[in-house]
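We count residues from 1, following the sequence as given.
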Amino acid sequence: MLAGRIMIRSSLVRTLQDRGYIHQCTHLAELDAAAQAGVVTGYIGFDMTAPSLHVGNLVQIMMLRRLQQSGGKPIVLLGGGTTKIGDPSGKDESRKMLSDADIAHNMASIRGVFEKFLIFGDGSTDAIIVNNDDWLSKLGYVEFLREYGTHFTINRMLSFDSVKLRLEREQPMTFLEFNYMLMQAVDFLELNRRAGCTLQMGGSDQWGNIVNGVELCRRVDGKEVFGLTTPLLATASGAKMGKTAAGAVWLNADMLSAYEYWQYWRNAEDADVGRFLRLFTDVPLDEIERLEARDGAAINDAKIALANAATAMLHGAEAARAAEETARATFAGGGAGAALPTVETPRAEIAGMRVADALRRAGLVESNGEAKRHIKAGAVAVNNIAITDELAALSDGDIDAENIVKLSVGKKRHALLRAV
């Protein structure tokens, strides 16, 4: 197989190429040769800015999965140290500063999701998790500048998009943020020394930071290492991955139900189905070609296959089956499937609750104003009956024999209030 003018021989690079992960690579031929010759150890960093990662982070997790599937060793780098600084890449303003307690909480909450995608252990290709605070917090500032600062020029740092775009938009960048790329470069150097890591991967907005790490390893230790980035991910219509009208598509089940996660993939645009199957599932490539060739109403079968495969990987096969059954009951039969997002609510509160308040309580809208706009547009239903009065309220009679009230916004977003 050829990638540009390079004959690809390794399973790793061939898989990344065939499934659409490669955007830029510092030394693709050399990386291919290294992967052909033995175990490649690679890492991706994740800052701890929220209690859960979201779908926008998923392509990076899948890259680590592909590395392990191809005989490499993945390292999950949790940014306990870099989160204290804040990555300016792709940001128009400074990130909110988090306390040590916030970072520790987020780290504990996020760790478990990686176990759904990677095999951890002590073997040569088993994944490991590290925290860059283990070394960054031990660097004295003067010593840090003396040891590593001489390897970076201001001219070069100003040329990177993460800095240049912020300045072009006349948005301030703090000196603290300006140091982020140095710290990320040191991460690569430390992981190369500690674990023999020779590959850093990330999104396309990380290219400058990754190149800095590659160059630092060469300058300080004379080591040849590699950097690889994925394309900027957006939907076919240009929307940012991981965002919906209802908010972020979180990976933690306590922040987004398996059903809502399933629905996110089921609602993919037709033009995205094949690409998403390659990036976010293990469905074989020949099966993907068969699925993406469908058109008209038949493309919905491919979307269901995508939703089932993606949901099973994160939440388990049973949760994926339940989500599909719930969707069928909800959309085909007008019922209320068991996997719909459910909010337990005192029965006395339901009777007399404004529908707008109920929608907000169920997480279908973020504000009463948004709820009223949907009601005015004729998009809201209670138990499949349209609501057109912005001041409408629920009654005890809306609670069915199973003690639930079904709320809907549009044809695709549903939730239940369960009377307790």
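Closest heavy-atom contact between Cys197 and Ile75: CB-CD1, 4.1 Å. For the residue pair Thr26 and Phe226, the shortest heavy atom distance occurs at OG1-CA, 3.5 Å. Scanning all heavy atoms of the two residues, the minimum distance from Ala268 to Leu306 falls at CB-CD2, 4.0 Å. Residues Cys217 and Asn192 share a closest heavy-atom pair of SG-CB, 4.4 Å. The shortest heavy-atom contact between Gln184 and Tyr43 is O-OH, 3.8 Å. Across all their heavy atoms, Ala302 and Val273 have their closest contact at CB-CG1, 3.7 Å.
Looking at Arg328, its side chain never comes within 3.5 Å of a backbone N or O of Ala323 through a donor-acceptor pair. Under a 3.5 Å cut-off, the side chain of Asn57 and the backbone N or O of His54 do form a donor-acceptor pair. Ser109 places no side-chain N or O within 3.5 Å of a backbone atom of His105 that could act as its donor or acceptor partner. In this structure, Thr345 contributes its side chain and Leu417 its backbone to no donor-acceptor pair below 3.5 Å. Without hydrogens or angle criteria, Ser11 side chain to Ser70 main chain gives no donor-acceptor distance under 3.5 Å. Between the side chain of Gln200 and the backbone N or O of Gly42, no donor-acceptor pair lies under 3.5 Å.
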Requested in this report: Tell me, with the steps shown, if Arg361 and Met353 meet side-chain contact (heavy atoms from CB on, under 4.5 Å).
Outcome: CA-CA 10 Å; Arg361 176 79 68 94; Met353 181 185 293; 3.6 Å; yes
(request) Could you check Thr326 against His414 for side-chain contact (heavy atoms from CB on, under 4.5 Å), going step by step and ending with a plain yes or no? (result) CA-CA 11 Å; Thr326 290; His414 309 271; over 6 Å; no
Next on the checklist: Run Ser408 and Asn384 through side chain to side chain donor-acceptor pair (under 3.5 Å) and show every step you take.
Outcome noted: CA-CA 7 Å; Ser408 306; Asn384 302 315; 4.6 Å; no
- Apply the test side-chain contact (heavy atoms from CB on, under 4.5 Å) to residues Ile210 and Glu215: give CA-CA distance (whole Å), side-chain angles for both, the deciding distance (0.1 Å), then the verdict. CA-CA 9 Å; Ile210 291 174; Glu215 293 180 351; over 6 Å; no
### Query
Can you check side-chain contact (heavy atoms from CB on, under 4.5 Å) on Asn132 and Met183, steps first, answer last?
CA-CA 9 Å; Asn132 64 11; Met183 298 175 73; over 6 Å; no
Exercise for the section: Under the salt bridge (Lys or Arg N to Asp or Glu O under 4.0 Å) rule, what do Asp126 and Lys73 come out as? Steps first, then yes or no, please. Expected result: CA-CA 6 Å; Asp126 287 342; Lys73 183 179 182 68; over 6 Å; no
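Between Met62 and Leu279 there is no side-chain heavy-atom pair separated by less than 4.5 Å. Using a 4.5 Å cut-off on side-chain heavy atoms (C-beta onward), Val220 and His151 make contact. The closest side-chain heavy-atom distance from Met201 to Leu67 is below 4.5 Å. Annotation: side chain of Leu98 is in contact with side chain of Asn106 (closest heavy-atom distance under 4.5 Å). Using a 4.5 Å cut-off on side-chain heavy atoms (C-beta onward), Tyr21 and Val59 make contact. Contact check for Val283 versus Glu287: side-chain heavy atoms found under the 4.5 Å cut-off. Contact annotation: the side chain of Leu416 never approaches that of Leu407 to less than 4.5 Å [non-hydrogen atoms, C-beta and beyond]. The closest side-chain heavy-atom distance from Asn212 to Leu182 is not below 4.5 Å.
Taking CG of Leu53 as the reference point, atom CG of Leu251 lies at 6.0 Å (rounded to 0.5 Å). Between the CZ atom in Arg278 and the CD atom in Glu292 there is a gap of 4.0 Å [rounded to 0.5 Å]. Once rounded to the nearest 0.5 Å, the distance linking CZ of Arg14 with CD of Gln36 reads 8.0 Å. In this structure, CG on Asp47 lies 4.0 Å from OG1 on Thr82, to the nearest 0.5 angstrom. Distance check, rounded to the nearest 0.5 Å: CZ of Phe117 to CD of Gln60 gives 12.5 Å. In this structure, CG on Asp272 lies 7.5 Å from OG on Ser237, to the nearest 0.5 angstrom.
Of the N and O atoms on the side chains of His23 and Thr230, not one donor lies less than 3.5 Å from an acceptor on the other residue. Asp102 and Ser99 are linked by a side-chain donor-acceptor pair at a separation below 3.5 angstrom, with hydrogens and angles left out of the test. For the residue pair Gln69 and Asp282, a side-chain donor N or O sits within less than 3.5 Å of a side-chain acceptor on the partner. Side chains of Asn209 and Gln206: a donor on one and an acceptor on the other come within 3.5 Å.
Counting heavy atoms of neighbouring residues, nucleotides and ligands inside a 6.0 Å radius, atom CG of Leu285 exceeds 12 of them. Around the NZ atom of Lys116, the shell of radius 6.0 Å holds more than 12 heavy atoms that belong to other residues, nucleotides or ligands.
Between Trp265 and Phe280, the ring planes lie tilted relative to each other; the angle falls in the 30° to 60° range.
The side chain to side chain contact (heavy atoms under 4.5 Å, CB included) test with Val40 singles out one residue from Leu199, Val13, Asp32, Thr125, and that residue is Leu199. Looking at Asn267, Asp270, Asn308 one by one, the single match for side chain to side chain donor-acceptor pair (under 3.5 Å) with Lys303 turns out to be Asp270.
Taking 4.0 Å as the cut-off between side-chain N and carboxylate O, Arg294 and Asp301 count as a salt-bridged pair. A salt bridge links Lys84 with Asp133: the closest approach of a Lys/Arg side-chain nitrogen to an acidic carboxylate oxygen falls below 4.0 angstrom. Look at Arg321 and Glu325 and you find no salt bridge, because none of the NZ, NE, NH1 or NH2 atoms lies under 4.0 Å from a carboxylate O. A salt bridge does not link Arg275 to Glu269: none of the charged nitrogens lies less than 4.0 Å from a carboxylate oxygen. Salt-bridge formation is not detected for the pair Glu370/Arg360: no Lys NZ or Arg NE/NH1/NH2 atom is positioned less than 4.0 Å from an Asp or Glu carboxylate oxygen.
Counting only residues at least two apart or on different chains, the ring pair (Phe, Tyr, Trp, His ring centres under 6.0 Å) pairs with a member in residues 294-315 are Tyr261-His315.
Between Phe46 and Phe114, the distance separating the two ring centers is shorter than 6.0 angstrom.
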